Structures are given as structure tokens and as C-alpha cells.
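If you read the sequence from its start, that first residue is 1, and numbering goes on from there. Ligands are counted one by one from 1 in listed order, and the atoms in each one are counted from 1 as well. Keep in mind that what you see is a predicted model, and the values were worked out from it rather than measured.
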Amino acid sequence: MEDAPDTTVAGASVREPLHDAFGRPLRDLRISLTDRCNLRCTYCMPREVFGPDYAFLPESRMLSFPDILRIARVFVQSGVQKVHLTGGEPLLRRGVETLVRDLVELAGVREVAMTTNGVALSASRAQRLRDHGLRRITISLDALDDSIVRVMNGVGCPVSRVLEAISVAAAAGLAPVKINMVVRRGVNDGEIEPMAEYFRGTGHILRFIEYMDVGHTNKWRRDEVVPAVEILDRIGRRWPLEEVPPRHRGEVATRFRYVDGGGEIGVIASVTRPFCSACGRARLSSEGMLYTCLFADHGVDLTPALNSDRPQEELRLLLSGVWSGRVDRYSELRADAAPVADRVEMSRIGG
Ligand code: SAM
Ligand code: SF4
Ligand code: SF4
């Protein structure tokens with residue numbers, strides 16, 4: 001196992017990033033704060049599976065904020081610059097604002113972001129998150145048509161609730177808000193142009209996500225994927241687009257701007273144009289498992305290291321061993337991949 005040399009950032013010792021077996025640096029950490037959610041999106045937590053009898057993690061097994069912070073510190077010292085809070089629904093964790101503050105204060109962290117469905121985002125909470133250092137928020141919204149939204153989120157939550165969340169996030173200074181729309185053929189693909197039209201000129205960044213075969217409960221079918229090129233073609237015919245160069249290597253969304261100055265959109269083409277070759281994302285589940293791919297069927301338990309006398313060093317060695325042996329590139333191999341029955345669910349691993 002090769003050790004990377006130390007450098008100094010903001011007075012603290014920060015290691016050069018770990019590199020995996022394909023030379024990909026560790027750059028992003030996505031932390032799932034809970035496997036629970038207040039919605040039941042049909043493509044993520046179908047209610048037939050995630051019903052009243054579903055065995056979610058008991059609270060006693062969820063990582064505490066101090067433990068999350070201890071783990072995050074080691075990731076940051078190993079190269080992570082961006083920490084992303086997700087779930088399940090991250091806003092279901094009480095006091096998440098203090099976690100944001102403590103993460104922001106870790107030397108070496110450039111950005112703390114969050115992806116949420118927005119249902120529990122009040123104006124005061126958005127302001128607290130901003131005041132505690134959150135700088136970027138992504139809010140998921142799959143349509144403008146209220147009846148489509150209510151069906152897709154599985155619990156009849158109205159579109160007005162999410163639109164309100166977007167507006168309070170922007171008012172709290174979290175603009176531009178990124179809006180994630182998962183496109184599923186025959187379900188909400190008719191909403192592509194209405195969503196583009198609605199968010200054009202608002203400063204928010206609408207991102208179209210190809211429907212993915214994450215987990216195993218959503219009964220994904222390839223013919224339900226609307227390829228990013230089709231989405232771009234449909235939008236571009238009405239409002240011409242031009243590609244924007246990526247801000248950094250490994251950016252998941254390919255960015256475009258409206259030629260007429262109407263702002264920016266993105267496409268996340270994980271199915272038709274995989275971006276594994278630049279993927280530097282690690283994922284921490286709410287019970288402390290480390291996953292190195294969204295499509296993993298197993299993870300590595302970090303919690304025993306938390307109980308050791310020297311947790312920081314134990315965690316560092318564990319992480320270094322896992323990351324240096326990483327060979328994940330599921331999306332590039334999807335066409336040839338054998339079906340995996342026990343792939344981890346998106347709600348558990350953090351989307
Ligand atoms: N609950 C939060 C939310 O919905 O924003 C955060 C967690 S959710 C798993 C993160 C993102 O994953 C959301 O934008 C969601 O739309 C997306 N997602 C979930 N299942 C998906 C799937 N099968 N294909 C593509 N994206 C998916
Ligand atoms: Fe919940 Fe997000 Fe999954 Fe929808 S996509 S069920 S909001 S975790
Ligand atoms: Fe990264 Fe795995 Fe997605 Fe490829 S399939 S981009 S390795 S998370």
C-alpha cells in the first residue's frame with residue numbers, strides 16, 4: 001500500500017489524493033444521512049417494497065454526527081474536497097445544520113452541498129443551512145404537472161411544495177439552485193420542454209438525469225431510459241443550445257447554455273454516456289458502510305475502526321486499502337453486466 005506525501009492547506013496537513021487502480025483520484029464524498037424518506041418515488045423507493053413493514057435501519061445503528069465528522073476528516077485528509085449530504089432524505093436528520101457547519105470547518109473542504117426533495121425545507125431552515133455554511137443545494141423535481149408529480153413521488157405530495165422549497169432556497173442565498181429531473185419514458189418525458197421553459201431565465205440549473213438501474217426494486221427497463229441526446233435535441237429545437245466546457249475533471253453533468261442567454265442546463269447521461277473514467281466519488285451509508293460505486297453490491301464496514309484506540313489511523317489505512325484497489329466502472333460495463341440481485345438501493349447508498 002503506497003502512502004501519499006503530505007501538503008498543507010489552511011495550516012492543516014492534507015494528503016495528496018489517494019488514487020485507485022485506474023489512477024482516479026478520490027475527490028468527492030457523498031454521505032447518506034438516513035435510509036428513510038418522506039416520499040416514495042416510484043423509481044427509487046416504490047411503496048410496494050418500502051411499505052409500513054419495511055425494515056429501515058434502527059436509529060441506534062445510524063452513525064452519529066461526531067462519527068460522521070471523524071470519518072469525513074479522514075476522507076478529506078485523503079483527497080476529498082467536496083462533501084455532499086444526501087440520503088434517503090437528508091433533511092429528516094434533526095440538527096443537520098450543525099453537521100454542515102462542522103464539515104465546512106474541516107481544513108481542505110472546498111464545498112459542502114446537499115441533495116434533497118425539498119419537502120421539509122422551510123424558509124427558516126434554508127436560512128439556517130446557509131448561515132451554517134451550505135453553499136449549494138440540489139432539489140429534485142420530476143415534472144410541473146401536479147398529477148404527474150403526485151404519482152411519481154408515491155405519496156401525493158403536490159408540486160407546489162417543491163416549487164416553494166426552490167424559492168425559499170434561492171431567497172436564503174442558495175442560488176443558483178440545481179433541479180434534478182429523472183426522466184422516465186412514458187411517465188414524465190412529456191415534461192421535458194415544460195420544465196425547460198419554466199426554469200429558463202430563472203438562474204436555476206435544471207439537470208435531466210437518465211433513469212438508472214440502481215438497486216433492484218424499481219424494475220428498471222432499458223426502454224424507459226430517454227437518452228440525453230434525445231432530451232438535448234428536443235430542447236435545442238426550441239431553444240438552441242451550446243455546450244459549456246466542464247469546470248473540472250469528473251463532473252457528472254454535461255453542461256449546456258441557451259444561446260439566447262436563457263441560462264444553463266445539464267444532462268447526466270449515466271446510461272448512454274458513462275463517465276466512470278473520471279469518477280472519484282466515494283459513498284458513506286448512514287450505518288457506516290463505504291461504497292465505491294453507485295451500483296455496488298457490497299461495501300466495507302468502517303465502524304470497527306471507529307472503536308479502535310487510534311481511529312484516525314485505522315480509518316486512513318482502511319480507506320487507503322479500499323480506494324487503491326478500486327476497479328469499479330459499472331456503467332461502462334452495463335451492457336455486458338450480469339444482473340446482480342442484491343445491489344444496494346439508492347436510498348441507502350446516497351444518490
Ligand atoms: N431524497 C433526496 C432527493 O430526492 O433529492 C436525496 C436522495 S435521492 C436518492 C438523490 C437523487 O437521486 C435524486 O435527484 C433522485 O431523483 C435521483 N434518483 C433516485 N433514483 C434514481 C434512478 N433510478 N435513476 C436516476 N436517478 C435517480
Ligand atoms: Fe426519497 Fe429521494 Fe428516493 Fe425520492 S429519490 S424516494 S425523495 S430518496
Ligand atoms: Fe462511478 Fe460507478 Fe457511476 Fe461508474 S458506475 S461513474 S464508477 S459510481
Does a side-chain N-to-carboxylate-O contact under 4.0 Å join [X] and [Y]?
| X | Y | value |
| --- | --- | --- |
| Asp131 | Arg128 | no |
| Arg329 | Glu332 | yes |
| Arg185 | Glu230 | yes |

With distance as the sole criterion, is a donor-acceptor pair present between the side chains of [X] and [Y] under 3.5 Å?
| X | Y | value |
| --- | --- | --- |
| Thr116 | Glu89 | yes |
| Glu287 | Ser285 | yes |
| Thr254 | Glu243 | no |
| Thr138 | Asn180 | no |

Short question: side chain of Arg326, backbone of Arg24 - any donor-acceptor pair under 3.5 Å? no
Do the non-hydrogen side-chain atoms of [X] and [Y] ever get within less than 4.5 Å of each other?
| X | Y | answer |
| --- | --- | --- |
| Arg334 | Phe295 | yes |
| Leu18 | Ser324 | no |
| Asp213 | Val225 | no |
| Asn153 | Val119 | no |
| Ile235 | Phe256 | no |

List ligand 1 atoms under 4.0 Å from [X], heavy atoms only on the residue side.
| X | answer |
| --- | --- |
| Glu210 | 25 (C) |
| Asn117 | 2 (C), 3 (C), 5 (O) |
| Asn180 | 14 (O) |
| Met346 | 9 (C), 12 (O), 17 (C), 18 (N), 19 (C), 20 (N), 21 (C), 26 (N), 27 (C) |
| Tyr211 | 23 (N), 24 (N) |
| Gly87 | 7 (C), 9 (C) |
| Thr86 | 6 (C), 7 (C) |

Note: Ile209, heavy atoms under 4.0 Å from ligand 1, region reported as side chain
Proximity of Asn218 to ligand 1 by residue part, where a heavy atom lies under 4.0 Å: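 Answer for Asn218: side chain.
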Take a 6.0 Å sphere around CZ of Arg238 and say whether it holds more than 12 heavy atoms from other residues, nucleotides or ligands. yes
To which protein heavy atom is [atom] closest, and what is the distance rounded to 0.1 Å?
| atom | result |
| --- | --- |
| atom 20 (N) of ligand 1 | Tyr43 CD1, 3.3 Å |
| atom 6 (S) of ligand 2 | Cys41 N, 3.4 Å |
| atom 3 (Fe) of ligand 2 | Cys44 SG, 2.4 Å |
| atom 26 (N) of ligand 1 | Val182 CG2, 3.4 Å |
| atom 1 (Fe) of ligand 2 | Cys37 SG, 2.3 Å |
| atom 1 (N) of ligand 1 | Gly88 O, 3.0 Å |
| atom 3 (C) of ligand 1 | Ser140 OG, 3.4 Å |

Under 3.5 Å between some N or O of ligand 1 and some N or O of Thr115? no
Tell me whether Thr116 has any N or O atom under 3.5 angstrom from an N or O of ligand 1.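 The answer is yes, given that Thr116 and ligand 1 share an N or O pair closer than 3.5 Å.
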Decide whether the shortest distance between a heavy atom of Gly87 and an atom of ligand 2 is less than 4.0 Å. no
Met45 neighbourhood, listing ligand 2 atoms whose heavy-atom distance to it stays under 4.0 Å: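 It comes down to these atoms of ligand 2: 6 (S).
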Does Met181 have a non-hydrogen atom less than 4.0 Å from ligand 1? no
Any protein N, O or S atom under 2.8 Å from atom 4 (Fe) of ligand 3? Found Cys276 SG
Which pair of non-hydrogen atoms, one from Ala170 and one from His204, has the smallest distance, and what is that distance?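 In terms of heavy atoms, the two residues are closest at CB-CE1, 3.7 Å.
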Going by the salt bridge (Lys or Arg N to Asp or Glu O under 4.0 Å) test, name the single residue among Arg255, Lys178, Arg200 that passes it with Glu264. Arg255
Closest to atom 23 (N) of ligand 1 (judged by heavy-atom distance), picking from His84, Met212, Arg30: Met212
For the pair Tyr258 and Trp239, name the ring-plane relationship: parallel under 30°, tilted 30 to 60°, perpendicular over 60°.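 The rings of Tyr258 and Trp239 stand perpendicular, inter-plane angle above 60°.
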